[in-house]
Amino acid sequence: MSATDHSRAAGVLLLCRAEPDRVRPSAQLLNEPLLLAPAGEGWSALIPGEDSWRSEDTDPAAAAAGWAHALAVAETWPVVGLWWDAGDAGFVVAAGFRRTVGYTWAADGTPIGEESAMASLRARVGLDPVLDGAALDELTRPDSDADAAARVLGLIAVLSRTGLTLPSGLAPGASAARLRAAAAPVAEAVDWPGWREAVRSGLDAAERGFFGTWTRGPRARALGATELVAGLSLACWGRRSGRRGWATAGGVLALDGALTLAYDWWRERV
């Protein structure tokens with residue numbers, strides 16, 4: 001089978017360990033026909049269109065690795081990309097700027113990957129190193145009763161311990177068209193909104209995060225004003241007393257406060 005002669009049963013499923021609102025801005029930057037669906041507590045699923053990876057010299061494994069890396073490179077949450085075709089199946093895991101790693105099973109379920117990929121998956125997703133680690137180790141051992149699809153289902157079962165719950169019909173072995181049809185009732189289309197709206201969505205998502213109230217709003221303004229006043233006072237004292245280190249620290253603190261106030265002012269008008 002040539003690099004472009006993919007089975008109609010080939011598919012890619014991207015699992016992001018974050019809520020849809022946090023995933024949406026990164027997914028939009030891919031500028032691909034994606035469906036975004038909630039997938040349990042703290043998880044989201046992205047289903048690419050079939051034509052997205054049926055391009056020249058692209059197979060599901062390579063597509064999954066590229067998309068997972070692009071989604072995770074600037075985020076704090078990891079991405080697990082599942083893929084399968086007529087021959088093999090496997091996964092990739094990406095997190096931040098770390099190297100994207102993957103694992104493959106042959107059609108009959110024979111493991112042909114490196115066990116270090118399982119260790120990376122466990123660490124990056126936050127699985128239990130003992131109980132979940134033992135379950136992952138089972139997926140790297142020969143099993144005549146488990147084909148490639150069963151191996152991926154086993155991986156999904158391990159991830160479900162962290163809250164992952166896939167919508168009905170999202171399962172390895174299905175074609176891209178069947179995956180999208182199954183996800184349609186609970187999914188939304190992710191379209192490229194243009195750079196201005198993409199930046200706005202990304203900032204909105206960041207501000208809804210844990211530190212959001214300290215980057216915009218009353219708390220942010222109070223913090224910025226405090227840093228500005230304290231920084232200027234410290235800088236002046238440092239200069240008068242000849243302590244350049246303290247003067248520099250005060251300048252940095254004042255600059256941070258000024259930037260916080262400026263960002264809050266700018267966001268109110270964007």
Side-chain angles (χ1 to χ4, degrees), residues 11-32 34 36 39-48 52-53 57-84 88-105 111-140 151-152 154-164 166 172 190 198-199 201-203 205-206 208-212:
V12 175
L13 186 59
L14 302 168
L15 307 178
C16 307
R17 188 147 198 212
E19 300 290 345
D21 283 349
R22 296 180 62 195
V23 173
R24 189 180 299 106
S26 293
Q28 288 174 331
L29 292 175
L30 294 182
N31 195 17
E32 296 283 356
L34 298 167
L36 173 63
E41 184 178 355
W43 284 90
S44 302
L46 284 167
I47 306 95
S52 299
W53 51 268
D57 295 327
T58 301
D59 58 32
W67 286 328
H69 177 74
L71 284 166
V73 68
E75 300 293 350
T76 58
W77 36 265
V79 179
V80 179
L82 308 180
W83 63 269
W84 54 89
D88 307 322
F91 75 86
V92 298
V93 58
F97 288 97
R98 286 175 283 184
R99 183 173 67 91
T100 299
V101 297
Y103 197 91
T104 300
W105 293 279
I112 53 178
E114 297 182 5
E115 292 188 22
S116 60
M118 290 295 184
S120 296
L121 174 69
R122 185 183 68 240
R124 296 179 187 183
V125 177
L127 296 168
D128 184 274
V130 178
L131 298 178
D132 298 334
L136 291 177
D137 289 341
E138 288 294 323
L139 298 176
T140 67
R151 297 289 198 171
V152 178
L155 176 61
I156 293 172
V158 176
L159 296 177
S160 69
R161 301 177 184 180
T162 66
L164 176 69
L166 291 180
V190 178
V199 171
S201 298
L203 293 174
R208 287 193 295 269
F210 183 78
F211 296 105

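Small disclaimer: the values here were computed from a predicted structure and weren't measured. Along the sequence shown, residues are numbered consecutively beginning with 1.
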Could you tell me which non-hydrogen atom of [X] sits nearest to which non-hydrogen atom of [Y], and how far apart they are?
X      : Y      : result
Gly11  : Pro60  : O-CB, 4.1 Å
Val152 : Ala89  : CG2-CB, 3.8 Å
Gly102 : Ala117 : O-CB, 3.3 Å
Val79  : Cys16  : CG2-SG, 4.1 Å
Leu14  : Pro48  : CD1-CG, 4.4 Å
Pro111 : Trp105 : CA-CD1, 3.7 Å

(request) For Ser160, check side-chain hydrogen bond (donor to acceptor under 3.5 Å, both in side chains) against everything at least two apart and list the hits. (result)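 side-chain hydrogen bond (donor to acceptor under 3.5 Å, both in side chains) list for Ser160, sorted by chain: empty.
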(message) For Gly81, is there any backbone N or O sitting under 3.5 Å from a side-chain donor or acceptor partner on Trp67?
(response)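 No, because the side chain of Trp67 does not come within donor-acceptor range (under 3.5 Å) of the backbone of Gly81.
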(request) Would you check if the side chain of Arg151 reaches a backbone N or O of Leu139 as a donor-acceptor pair within less than 3.5 Å? (result)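 Yes, the answer is positive, given that a donor and an acceptor are paired below the 3.5 Å cut-off.
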(request) Could you list the residues that satisfy ring pair (Phe, Tyr, Trp, His ring centres under 6.0 Å) with Trp83, not counting sequence neighbours? (result)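 Trp83 satisfies ring pair (Phe, Tyr, Trp, His ring centres under 6.0 Å) with no residue once adjacent residues are dropped.
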(request) Report yes if the side chains of Leu29 and Leu71 come closer than 4.5 Å at any heavy-atom pair, otherwise no. (result)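 No - every pair of side-chain heavy atoms lies 4.5 Å or more apart.
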(request) Decide side chain to side chain contact (heavy atoms under 4.5 Å, CB included) for Arg22 and Thr76; before the verdict, give the C-alpha distance in whole Å, the side-chain angles of both, and the deciding distance to 0.1 Å. (result) CA-CA 10 Å; Arg22 296 180 62 195; Thr76 58; 3.1 Å; yes
(request) Evaluate the side chain to side chain contact (heavy atoms under 4.5 Å, CB included) criterion for residues Val158 and Leu121: first the C-alpha distance (whole Å), next the side-chain angles of each, then the deciding distance (0.1 Å), finally the verdict. (result) CA-CA 11 Å; Val158 176; Leu121 174 69; over 6 Å; no
I need the [X] [atom1] to [Y] [atom2] distance, nearest 0.5 Å.
X      : Y      : atom1 : atom2 : value
Glu75  : Arg17  : CD    : CZ    : 15.0 Å
Ile112 : Thr140 : CD1   : OG1   : 13.5 Å
Ile156 : Leu13  : CD1   : CG    : 7.0 Å
Arg24  : Leu34  : CZ    : CG    : 12.5 Å

(request) Applying salt bridge (charged side-chain N to carboxylate O under 4.0 Å, His left out), name anything that partners Glu114, two or more places apart in sequence or on another chain. (result)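 For Glu114 there are no salt bridge (charged side-chain N to carboxylate O under 4.0 Å, His left out) partners, ignoring immediate neighbours.
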(message) Could you work out, with salt bridge (charged side-chain N to carboxylate O under 4.0 Å, His left out) as the rule, every residue matching Asp132, not counting sequence neighbours?
(response)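 By the salt bridge (charged side-chain N to carboxylate O under 4.0 Å, His left out) rule, Asp132 matches Arg161.
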(message) The test is side chain to side chain contact (heavy atoms under 4.5 Å, CB included); show your working for Val80 and Val92 and say whether it passes.
(response) CA-CA 6 Å; Val80 179; Val92 298; over 6 Å; no
(request) Under the side chain to side chain contact (heavy atoms under 4.5 Å, CB included) rule, what do Leu166 and Leu15 come out as? Steps first, then yes or no, please. (result) CA-CA 9 Å; Leu166 291 180; Leu15 307 178; 3.6 Å; yes
(request) Using the side chain to side chain donor-acceptor pair (under 3.5 Å) rule, collect all pairs that involve residues 120-130, keeping only residues at least two apart or in two chains. (result)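 Counting only pairs at least two positions apart or across chains, no side chain to side chain donor-acceptor pair (under 3.5 Å) contact touches residues 120-130.
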Sequence neighbours left out, cut at 3.5 Å: what donor-acceptor pairs do the side chains of residues 39-46 make with other protein atoms?
residue, atom, partner, partner atom, Å
Trp43, NE1, Thr162, OG1, 3.0
Ser44, OG, Ala18, O, 2.6

(request) Anything under 30° is parallel, anything over 60° is perpendicular, the rest tilted; go ahead and classify Phe91 against Tyr103. (result)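 Ring orientation, 0 to 90° scale: parallel.
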